[in-house]
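Remarks on the structure that follows.
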Amino acid sequence: PLASGALVVGAFVLGSLVVPLVIGPNAPATLAEYARAVQASGGLEGRALANAALVITSLLALAIAFPLARMLGRRG
């Protein structure tokens, strides 16, 4: 179970950054692409904005994962 969960998370992380780069520019940018672009723009402010975007992404993922895990736990 842990390995499959790690595989899913790894696929999500890879896909959330690589797919937007392959597809090309879109509006609005995904949070991962926004974080990469802001960090590449340079400076400490860019790093701070990139970290904030990734924290928001993590919180959104947790907000989806915990209720789903509880729901699936009750079924089994």
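No hydrogens, no waters, no symmetry mates; every other heavy atom, side chains included, goes into these values.
Every residue meeting the side-chain contact (heavy atoms from CB on, under 4.5 Å) condition with L60, not counting sequence neighbours, appears here in chain and number order: L31, I56. Partners of L7 under the side-chain contact (heavy atoms from CB on, under 4.5 Å) rule, at least two apart in sequence or in another chain, do not exist in this structure.
Q39 CD to L54 CG: the interatomic distance, rounded to the nearest 0.5 Å, is 8.5 Å.
In the hydrophobic clustering, L62 connects to F66, either directly or through intervening members, whenever side-chain heavy atoms lie under 4.5 Å apart. Through side-chain heavy atoms spaced under 4.5 Å, either directly or across other Ile, Leu, Val, Met, Phe, Trp or Tyr residues, Y34 is tied to V38, L49. Under a 4.5 Å side-chain heavy-atom cut-off, the cluster of Ile, Leu, Val, Met, Phe, Trp and Tyr residues that includes L59 is completed by V55.
Here the shortest heavy-atom pairing between A53 and A35 reads CB-CB, 4.2 Å.
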